[in-house]
Amino acid sequence: MVDGVKEVCKKKWRAVRCCYDFSANFFQKPTPVQIVGESRARELEQSAQSARLALQAWWANNARDLPWRNESTTPWGVLVCEVMSQQTQMSRVVPYWNAWMAQWPDAAALAQADKADVIRAWGRLGYPRRALRLQECAQQVAAQYDDRLPSDYDELLALPGIGDYTASAVLSFAFGKRVAVIDTNIRRVLSRAFLGIESLGGSCTPLERALAWVVLPKAAGESAVWNQAVMELGAIVCTAKQPLCEQCPLRAQCAFVKAGMPGLGERRTRPRQKFAGTDRQVRGKIMQALRALPTGQTLQYKDAQKLCDDAAQLDRCIASLDEDGLIEIVNGHDMRLPA
DNA sequence: ATCCCGGTGT
DNA sequence: ACACCCGGAT
């Protein structure tokens, strides 16, 4: 089996393992209702129904006015937005998304773009590998799907840079399918509102995933608004440390409030790497210097040395950027953005 | 479990 | 300083 196929199979296996809804019959995994428990599931569905009404009204009045929340946004535009939003605040994404979609309105356009232009347009959004994967994704969509983003979970998941969250978000927001979108915000809100406990972070637990499916509105059209609204509530009101419960449309029924908010803000935060002095910082400096250069011009190694005191670290970072395809090595040790 | 990035809020 | 941000790949 060639590596490419192996990768897709691994991703697919992870996908079905995560989505009990899809795999329950074949793999005999427990359904969300079974995980939550039959009677508990009925209670949650009832509770979710009243929450949905309150949330819809809140959403209508409080949703942020973001450019991709527009009838004319294509599925591809939704995907670009979701990829840019991975680990990046929405407010910072807005100008980048506007410029990006103006320059490359569809997958076919991005597929043909110069790598250097793609990296430059990604600017300071962070995690520049996301930009390369988005272009690889565009190339596959253009070549394999006639420039139309597939509306199938497994096919989306097989594309570069698309994981469970992004695949689900595209299905829900772009195609209106009934899919539970699960990110840190939604996990926090649902866990608080319906279970009365904090979502502790780390990887998504089976219970959290089951909960998201159980409280998801049955009607597909309502499920998309639900996903958006729960996420928005988590971003604006039901924040991690200082939730604005006075403004919350769910405060009357919130299990977390009823329980006295035990362990508010407690979060076994996934051990994130520090930034100062790490390879990440050095890589960022190198990319920043390269983006500032005119197209095709090289960054001299001696100039790169000014960016990092540790010679071994500098070499390591240059090598890793080369491995990632973010830079090209010229004349042995000088650098430039890839063609 | 670890790495990747940069801006913002506290 | 520190956690957080609509995660993904390894």
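Reminder, nothing fancy here: chain letters follow the sequence lines and each chain counts from 1.
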message: Counting distance alone, no hydrogens or angles: does the base of dG6(B) have a donor or acceptor under 3.5 Å from a partner atom on the side chain of Gln89(A)?
response: yes

- request: Select base, sugar-phosphate, or nothing to describe what Arg133(A) touches, counting heavy atoms under 4.0 Å on all strands.
  value: sugar-phosphate

task: Would you classify Thr239(A) as touching base, sugar-phosphate or nothing, given that sugar-phosphate means primed atoms plus P, OP1 and OP2, and contacts are heavy atoms under 4.0 Å?
output: nothing

query: Base, sugar-phosphate alone, or nothing: which one does Thr166(A) contact when heavy atoms must sit under 4.0 Å apart?
result: sugar-phosphate

query: Expressed in angstrom and rounded to an integer, what is the separation of Glu323(A) atom CD from dT10(C) atom P?
result: 12 Å

- prompt: Does dG7(C) have OP1 or OP2 sitting under 4.0 Å from an N or O in the side chain of Thr184(A)?
  reply: yes

field: Per Lys241(A) side chain, nearest of listed nucleotides dC5(C), dC4(C), dG7(B)
entry: dC4(C)

field: Spacing of Asn185(A) atom CG relative to dA3(C) atom P, expressed in whole Å
entry: 18 Å

Integer-rounded Å distance: dC5(C) P and Asp183(A) CG: 9 Å

field: Atom P, compared across dT10(C) and dC5(B): separation rounded to whole Å
entry: 14 Å

query: At under 4.0 Å between heavy atoms, what does Leu326(A) touch on the DNA or RNA strands: base, sugar-phosphate, or nothing?
result: sugar-phosphate

- prompt: Which nucleotide in the set dC5(B), dG8(C), dG6(B) lies at the smallest distance from any side-chain heavy atom of Arg291(A)?
  reply: dG6(B)

Crowding at CG, Asn70(A) (>12 non-hydrogen neighbours, <6.0 Å): yes

field: Residue pair Ala174(A) / Pro75(A): nearest heavy atoms and the distance that separates them
entry: CB-CA, 3.7 Å

query: Out of Arg42(A), Gln34(A), Arg40(A), which residue meets the side chain to side chain donor-acceptor pair (under 3.5 Å) rule with Glu38(A)?
result: Arg42(A)

message: Measuring centre to centre across the rings, with the benzene-like ring taken for any Trp, is Trp59(A) within less than 6.0 Å of Trp226(A)?
response: no

field: Spacing of Gln87(A) atom CD relative to dC4(C) atom P, expressed in whole Å
entry: 11 Å

query: What's the closest nucleotide to the Arg124(A) side chain, out of dG7(B), dG7(C), dC5(B)?
result: dG7(B)

- request: Give the ring-plane orientation class for Tyr301(A) versus His333(A), where under 30° counts as parallel, over 60° as perpendicular and anything between as tilted.
  value: parallel

- prompt: With both distances under 3.5 angstrom, what nucleotide forms a Watson-Crick or G-U wobble pair with dC3(B)?
  reply: dG8(C)

query: How long is the line joining CG of Leu132(A) and C1' of dC5(B), in whole Å?
result: 14 Å

- prompt: dA3(C) P sits how many Å from Leu200(A) CG, rounded?
  reply: 16 Å

query: Looking at Arg209(A) and Asp164(A), does any basic side-chain N land under 4.0 Å from a carboxylate oxygen?
result: yes

- line: Among dC4(C), dC4(B), dT10(B), the one nearest any side-chain atom of Arg280(A) is dC4(B)

- prompt: Between dA3(C) and dC3(B), how far is it from one P atom to the other, in whole Å?
  reply: 16 Å

- prompt: Does Arg188(A) put a side-chain nitrogen or oxygen below 4.0 Å from OP1 or OP2 of dC5(C)?
  reply: yes

task: Kindly say whether, by distance alone, the side chain of Arg92(A) makes a donor-acceptor pair under 3.5 Å with the base of dG6(B)?
output: yes

- prompt: What is the distance, rounded to the nearest whole Å, between atom CH2 of Trp122(A) and atom P of dG8(C)?
  reply: 12 Å

task: Indicate, with a heavy-atom threshold strictly under 4.0 Å, whether Arg69(A) touches base, sugar-phosphate, or nothing.
output: base

query: Which residue lies toward the 5' end of DNA chain C, Gly265(A) or Arg129(A), if each is placed at its nearest nucleotide?
result: Gly265(A)

message: Output the rounded distance in Å from CG (Leu157(A)) to C1' (dA9(C)).
response: 11 Å

